Structures are given as C-alpha cells and as structure tokens.
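Not measured: the values here are computed from a predicted model. Side-chain atoms are counted along with the backbone in the values below, which use heavy atoms only and exclude waters and symmetry mates.
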Amino acid sequence: EEKSKRLADVAEELKKIGWNLSQAKLARIICEMLPKDILVTEVTTGHADAIRNHLIKYGRTVATVNRYYSALSKMLKYAFQRPKEYDMQTMPHINWEKERNGRVRWVSGKEEKKIIKIMTERNKVSFLNFFLFLIDTGLRKGEALKLQKKDVQIDAISKIWYVIVNETKNDTNRSVP
C-alpha cells in the first residue's frame, strides 16, 4: 500500500511518533491555511511566504511566524529525508524572520517554590539542582548543557565565581556571576 503524500499526512505521522503538542497544533493550522489536500511535494517558498503574510496581517509577531515556520520546516524535512515514501526532490526555502532579543523575565519566588514542590511530589528531585542552577544563572537549558569546566572561573579581584557563556541563542557572549 502506497502512503499518501499530503502535507497533512506528514503532520499526522509526526504526531504519531511523538511530536510535541504545540508543534502538532501549529502543523494542523498550517495545513488549514494551505490549499486543501496539498501534497508535500507541492509546497513552495511562495506557500511559506503566504503563511507569513497571513500571520502578520492578523497581528502575529515575527517570533510567532518563526514558530509556524519551525513546524512547516519539520514536516518538509521529515518528508525530504524519506524519498521512498514521499518522493520529495527539493526543499522549498523558508525566509526565517529576524527576531529581537527576547524579553527579560525572572521566575518569581512563588513560582520557584511551586515548581520545586511539583518536582518533589513527582519524584523529579534528581533534576532539581539543574533546575535551580538555571533559575540562579538565567541560562537556557542548552547553554547550561554545553558548559565545560573551563567556563567556570573566579574573578581574581572580587573573588566572585562566574560562568562564561560562549554559545548563546543570540550569538553573543556573556558572563554570569
């Protein structure tokens, strides 16, 4: 039996193999925005641009556009990497939007206590130190996981320990006390 090559089928396949719910929801919305029953091989850069224009027209931010693009890109790559199933010869170009640096937000003391309580109740105590490190430093999970011993240093004058973060989301280096 030959598999269907509709974009919606690719989204369903990704959902079955464990795609996170938010991306699965965006994929469903993308499929609704595009022509009904569009084949994955028919998706073009023009379709991606049309999705962007539609989202911007209805007041969505460029960050939101990129979340939609991420879902579209994942569907296209999934099909492209399975040529026997989908017969996709080329990948359309997606014009990713340039995002501003993210908003500044801290976890409140109340939120921190609630998360600690939930992690403890769900027997996730082994992750608690990592979680507290992320809260205390403001590092992203990916940044913290890339740290090496040489990235932790002490200032010779102030005697304050700090972490040097070299690979950040925004391609900037920073140090965190």
Side-chain angles (χ1 to χ4, degrees), residues 7 10-31 45 48 51-52 55-56 59-82 91-177:
L7 185 65
V10 177
E12 280 302 312
E13 184 67 25
L14 283 164
K15 189 175 173 184
K16 284 180 196 171
I17 62 173
W19 205 0
N20 76 51
L21 294 177
S22 61
Q23 279 208 316
K25 180 182 177 183
L26 295 178
R28 181 184 50 77
I29 295 168
I30 288 168
C31 291
T45 299
I51 290 168
R52 178 213 180 273
L55 293 169
I56 295 295
R60 301 304 187 265
T61 66
V62 293
T64 299
V65 170
N66 284 342
R67 301 302 78 75
Y68 278 85
Y69 276 174
S70 178
L72 177 62
S73 177
K74 186 158 188 163
M75 289 187 287
L76 295 171
K77 283 181 184 175
Y78 180 86
F80 185 72
Q81 292 169 347
R82 289 157 182 80
M91 282 277 296
H93 177 73
I94 294 176
N95 296 308
W96 293 87
E97 298 293 323
K98 179 73 176 155
E99 294 183 39
R100 294 185 347 234
N101 288 344
R103 65 187 168 122
V104 176
R105 185 185 185 293
W106 290 270
V107 174
S108 71
K110 184 178 176 182
E111 290 170 320
E112 182 177 346
K113 287 176 184 173
K114 185 174 182 178
I115 293 171
I116 292 170
K117 181 177 184 252
I118 290 169
M119 290 176 79
T120 304
E121 288 171 354
R122 295 184 180 173
N123 201 24
K124 300 290 184 189
V125 178
S126 59
F127 296 105
L128 195 51
N129 285 335
F130 184 64
F131 166 76
L132 293 173
F133 174 77
L134 294 177
I135 285 180
D136 290 344
T137 61
L139 266 61
R140 293 177 179 86
K141 178 181 71 170
E143 293 170 344
L145 292 172
K146 290 178 186 174
L147 288 176
Q148 299 177 13
K149 188 175 182 177
K150 66 178 176 62
D151 297 328
V152 180
Q153 300 181 9
I154 188 166
D155 183 276
I157 297 171
S158 68
K159 304 296 184 209
I160 294 175
W161 287 93
Y162 62 95
V163 176
I164 299 172
V165 186
N166 291 310
E167 295 181 38
T168 68
K169 175 182 170 185
N170 300 315
D171 291 327
T172 58
N173 297 335
R174 69 179 189 274
S175 62
V176 180

Step by step, would you call E112 with L132 a side chain to side chain contact (heavy atoms under 4.5 Å, CB included)?
CA-CA 9 Å; E112 182 177 346; L132 293 173; 3.5 Å; yes
Whether R174 and E143 form a salt bridge (side-chain N of Lys/Arg under 4.0 Å from carboxylate O of Asp/Glu) is what I want to check.
yes
If you look at every heavy atom in V65 and E97, which pair is closest and at what distance?
CG1-CG, 3.8 Å
Heavy atoms from other residues, nucleotides or ligands near CZ of F130 exceed 12 (cutoff 6.0 Å)
yes
Indicate the atoms forming the closest heavy-atom contact of W19 with A11, along with that distance.
CE3-O, 4.0 Å
For Q148, does its backbone N or O pair with a side-chain atom of D151 as donor and acceptor, under 3.5 Å?
yes
Regarding T61 and T64, do their side chains bring together a donor and an acceptor under 3.5 Å, going by distance alone?
yes
Smallest heavy-atom separation, Y78 atom then I17 atom, equals CE1-CD1, 3.8 Å
Give me the atom names and distance for the closest heavy-atom approach of P92 to T45.
CB-N, 3.5 Å
How many angstroms lie between CD1 in I56 and CD1 in I51, if you round to the nearest 0.5 Å?
12.5 Å
Is it the case that the side chain of S70 and the backbone of N66 share a donor-acceptor pair, with hydrogens and angles ignored and the cut-off at 3.5 Å?
no
d(K25 NZ, R67 CZ) to nearest 0.5 Å is 15.0 Å
Distance (rounded to the nearest 0.5 Å) between L21 CG and Q23 CD:
11.0 Å
Would you call K16-E12 a salt bridge at under 4.0 Å N-O?
no
Less than 4.5 Å apart, any side-chain heavy atom of E111 and any of W106?
no
Can you check whether Y68 reaches I94 side chain to side chain, under 4.5 Å on heavy atoms?
no
Side-chain heavy atoms of L139 within contact of L147, under 4.5 Å:
yes
About how many Å separate CG of N166 and OG of S175, when rounded to the nearest 0.5 Å?
10.5 Å
Under 3.5 Å, is there a donor-acceptor pair between the side chain of Y69 and the main chain of A48?
yes
Please check if atom CG in N95 has more than 12 non-hydrogen atoms from other residues, nucleotides or ligands closer than 6.0 Å.
yes
Full working for side chain to side chain contact (heavy atoms under 4.5 Å, CB included) between I118 and K114
CA-CA 6 Å; I118 290 169; K114 185 174 182 178; 4.0 Å; yes
Any chance you could measure F131, atom CZ, to M119, atom CE, to the nearest 0.5 Å?
6.0 Å
To the nearest 0.5 Å, atom CE of M75 lies from atom CG of L14 at 8.0 Å
